[in-house]
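Residue indices begin at 1 and follow the sequence shown.
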Amino acid sequence: MKSIYLKAACLAAIMGSPWIACSQQYYFVIGAFATKENASEFKGYLPTQSMDTSYTLTEKESLLQLYVLKTADQEDAIKKTLQLKKEMDSLGGEGASKEAAPSTVNGQWSELNVAGAGDLTQGSTAGSGSAIEKMANAGAAPVKARGKFFKFTIETPEGKAVEGKVHHVDMAHRRELAAYNADTSVDLLRPGNNTKPMEVVVGMFGYKEIQKYIDYSDPSTLDNHAYVDAQGTWIIPYVLEPVEKGDVSVMYNVSFYKDAVVMREQSKADLEHLVTMMRNNPYYEITIHAHCNGKNKREIIGLGVNKNYFDVTGSTTFHASAKQLTTLRAEAIRAYLVDQGIDGSRAQIFSWGGSDMLVKDDSQESNLNDRIEIEITRD
């Protein structure tokens, strides 16, 4: 089962979906989950006092769709949605690690709302032509696109397909507009009245970030590797390139609990990738750069005597600066490497505190400021 993590930016993107009236009911779809347990777990992060939440199982693909805000009053739906957004934003990193489906379910959010309002508001199982069935089949391009079909592929230099996401970003405002699964057809509408090229980025730890500008009208004008396949889908290929001396790679999946040195379980994937990279390249030396959100002093959750990297049980709390927090986080990454047999002298640390934040510390995407970057200083 592939784990996909709901980011604050993804929630903001979903919030922008148009409201659709159907059967005098209004609702807002939050996501799709691989198991009932995952849906229930995320449901626990929703404000309990304000939402009507439910999920429906499709037998075809075993996806559960979680939705909220079942109401016959459009104004009430909008009001409660804005309140939900405010409350979810206030969770920050706490609400960002739950497993969820892609924020746009392959670009089909609007179509799901139109097709399935009657079924979902009644809480029934999916039937022919229902929203859930459409979601289960979203990976295959329908006959007619509402916009234009794109498929983004990611490969290693050897031509091996890699699972991952591509990110449609607005670099001017430093925000993510949408994210799409690789090797999956997505029906994209033209981005508003904006004629500027779409900026689509692939960032995977251990590889250089690839940034492409895509002309929606004709992607091949800016990317001579783009082509149209037999189904009429524009294929946009990304070929990964390993990092080398001087490169800095973000550990995208490494996530800490709020103001903590303890990492979330999802961090293991990138940490194991780092261990493998250091083992396979015995001459590599690195600097671990640690950043955090905000420059203020705070209560910090430390590893404790048990040094459990992924569990707050047995942890300690103390008052310290943002600089000290990032120092401890960088030291935790290095200690993990040492525990896996990597010589600690090959890993230096640099703690930035909150001096190099990507976004404002009180913005909706402030969790992006809490990050670990690995710089290759010798190869």
Checklist entry - For Glu158 and Thr156, does a side-chain donor sit closer than 3.5 Å to a side-chain acceptor? => result yes

Next on the checklist: Between Val250 and Phe205, is there a side-chain heavy-atom distance shorter than 4.5 Å?
Outcome noted: no

Checklist entry - Considering all heavy atoms of both residues, which atom of Ile349 and which atom of Thr287 are nearest to each other, and what is their separation? => result C-CG2, 4.3 Å

Item to check | Residue pairs fulfilling salt bridge (Lys or Arg N to Asp or Glu O under 4.0 Å) with at least one residue in residues 334-358, sequence neighbours excluded | outcome: Lys307-Asp339, Asp356-Arg371

Item to check | Side chain proximity check, Pro219 to Ile214, heavy atoms < 4.5 angstrom | outcome: yes

Checklist entry - Is Arg329 positioned over the aromatic face of Phe256, cation under 6.0 angstrom from the ring centre and no more than 45 degrees off axis? => result yes

Item to check | Under 3.5 Å side-chain donor-acceptor pair for Tyr252 and Glu209 | outcome: yes

Item to check | Side chain proximity check, Tyr336 to Val275, heavy atoms < 4.5 angstrom | outcome: yes

Checklist entry - Tyr238 vs Phe152 aromatic rings, parallel, tilted or perpendicular, using cut-offs 30° and 60°? => result tilted

Checklist entry - Can you tell me how far the NZ atom of Lys295 sits from the OG atom of Ser355, to the nearest 0.5 Å? => result 6.5 Å

Checklist entry - Got Glu375 and Asp247 here, is their nearest side-chain heavy-atom distance under 4.5 Å? => result no

Item to check | Set of side-chain hydrogen bond (donor to acceptor under 3.5 Å, both in side chains) partners for Tyr227, sequence neighbours left out | outcome: none

Item to check | Side chain Gln324, main chain Ser321, donor-acceptor under 3.5 Å | outcome: yes

Checklist entry - Do Tyr309 and Phe318 share a hydrophobic cluster (ILVMFWY, side-chain heavy atoms under 4.5 Å, transitive)? => result yes

Item to check | Short side-chain to backbone donor-acceptor contact, Asp370 and Cys292, under 3.5 Å | outcome: no

Next on the checklist: Tell me whether the NZ or CZ atom of Lys148 lies within the 45° cone about the ring axis of Tyr216 and under 6.0 Å from its centre.
Outcome noted: yes

Item to check | Pairs satisfying salt bridge (Lys or Arg N to Asp or Glu O under 4.0 Å), at least one member in residues 279-294, at least two apart | outcome: Glu285-Arg378

Next on the checklist: Closer than 3.5 angstrom, by distance alone: can the side chain of Ser267 be matched with the main-chain N or O of Met263 as a donor-acceptor pair?
Outcome noted: no

Next on the checklist: With a 4.5 Å cut-off on side-chain heavy atoms, are Glu155 and Val162 touching?
Outcome noted: no

Item to check | ILVMFWY network linking Ile333 to Phe310, side-chain heavy atoms under 4.5 angstrom | outcome: yes

Item to check | Joint hydrophobic cluster, Ile235 plus Val186, side-chain heavy atoms closer than 4.5 Å | outcome: no

Next on the checklist: I'd like to know if the side chain of Asp259 and the backbone of Ile300 have a donor-acceptor N/O pair within less than 3.5 Å.
Outcome noted: no

Item to check | Working for side chain to side chain contact (heavy atoms under 4.5 Å, CB included), residues Leu271 and Met251 | outcome: CA-CA 8 Å; Leu271 288 172; Met251 301 189 81; 4.0 Å; yes

Checklist entry - Just by modelled atom types, is the Ala322 backbone N or O under 3.5 Å from a matching donor or acceptor in the Lys297 side chain? => result no

Checklist entry - After noting the C-alpha distance and the side-chain angles of Ile154 and Met204, does the key distance pass the side chain to side chain contact (heavy atoms under 4.5 Å, CB included) rule? => result CA-CA 10 Å; Ile154 307 174; Met204 301 186 71; 4.0 Å; yes

Item to check | Test side chain to side chain contact (heavy atoms under 4.5 Å, CB included) applied to Ile288 and Phe350, step by step | outcome: CA-CA 6 Å; Ile288 303 167; Phe350 193 95; over 6 Å; no

Checklist entry - Do Asp361 side-chain atoms and Asn293 backbone N/O form a donor-acceptor pair below 3.5 Å? => result no

Checklist entry - Which pair of non-hydrogen atoms, one from Val201 and one from Gln211, has the smallest distance, and what is that distance? => result CG2-CG, 3.9 Å

Item to check | Separation of His273 NE2 from Ile374 CD1 (nearest 0.5 Å) | outcome: 11.5 Å

Checklist outcome for this item: Heavy-atom closest pair (Pro237 atom, Thr153 atom, distance to 0.1 Å) is CA-OG1, 3.2 Å

Next on the checklist: Do Ile286 and Leu274 make a side-chain contact, defined as non-hydrogen atoms from C-beta onward lying under 4.5 Å apart?
Outcome noted: yes

Checklist entry - Is a side-chain donor-acceptor pair under 3.5 Å present for Glu199 with His168? => result no

Next on the checklist: Does Tyr283, at its OH atom, have more than 12 non-hydrogen atoms belonging to other residues, nucleotides or ligands within less than 6.0 Å?
Outcome noted: no

Checklist outcome for this item: Correct closest heavy-atom pair for Leu240 and Val202 would be CD2-CG1, 4.1 Å

Checklist entry - Looking at OH of Tyr180 and NE2 of His167, how far apart are the two atoms once the value is rounded to the nearest 0.5 Å? => result 11.5 Å

Item to check | Close side-chain approach of Glu244 to Lys208, heavy-atom, < 4.5 Å | outcome: yes

Checklist entry - So His291 and Met357, side chain to side chain contact (heavy atoms under 4.5 Å, CB included) or not? Walk me through it. => result CA-CA 7 Å; His291 304 260; Met357 292 186 289; over 6 Å; no

Item to check | Val239 with Trp234, same ILVMFWY side-chain cluster at under 4.5 Å | outcome: no

Next on the checklist: Checking the side chain of Ser363 only, and the main-chain atoms of Val359 only, is there a donor and an acceptor separated by less than 3.5 Å?
Outcome noted: no

Next on the checklist: Between Thr233 (side chain only) and Phe149 (backbone N and O only), is there a donor and an acceptor less than 3.5 Å apart?
Outcome noted: no

Checklist entry - So, does Asn253 use its side chain to make a donor-acceptor pair with the main chain of Gln266 at under 3.5 Å? => result no

Checklist entry - Are Asp379 and Lys245 close enough, and set up right, to give a salt bridge (charged side-chain N to carboxylate O under 4.0 Å, His left out), and what steps lead you there? => result CA-CA 6 Å; Asp379 58 7; Lys245 182 179 178 180; over 6 Å; no

Checklist entry - Between the side chain of Thr313 and the main-chain N/O of Asp311, is any donor-acceptor distance below 3.5 Å? => result no

Item to check | Student check: side-chain heavy atoms of Arg190 and Ser217 closer than 4.5 Å | outcome: yes

Checklist entry - Sequence neighbours excluded, which residues qualify as side-chain hydrogen bond (donor to acceptor under 3.5 Å, both in side chains) partners of Trp352? => result His289

Item to check | Shortest non-hydrogen contact between Gly353 and Thr326, atoms and distance | outcome: N-OG1, 3.0 Å

Next on the checklist: If you compare all heavy atoms of Val261 against all heavy atoms of Leu325, which two are closest, and at what distance to 0.1 Å?
Outcome noted: CG2-CD1, 4.3 Å

Checklist entry - Got a sec, which pairs hit salt bridge (Lys or Arg N to Asp or Glu O under 4.0 Å) with one end in residues 210-238, sequence neighbours left out? => result Lys212-Asp223

Checklist entry - Nearest 0.5 Å, what's the CZ-CD1 distance between Arg298 and Ile301? => result 12.0 Å

Checklist entry - Does one hydrophobic cluster hold both Val228 and Phe150, with members joined at side-chain heavy-atom distances below 4.5 Å? => result yes

Item to check | side-chain hydrogen bond (donor to acceptor under 3.5 Å, both in side chains) involving Lys268 - partner list, sequence neighbours excluded | outcome: Glu265

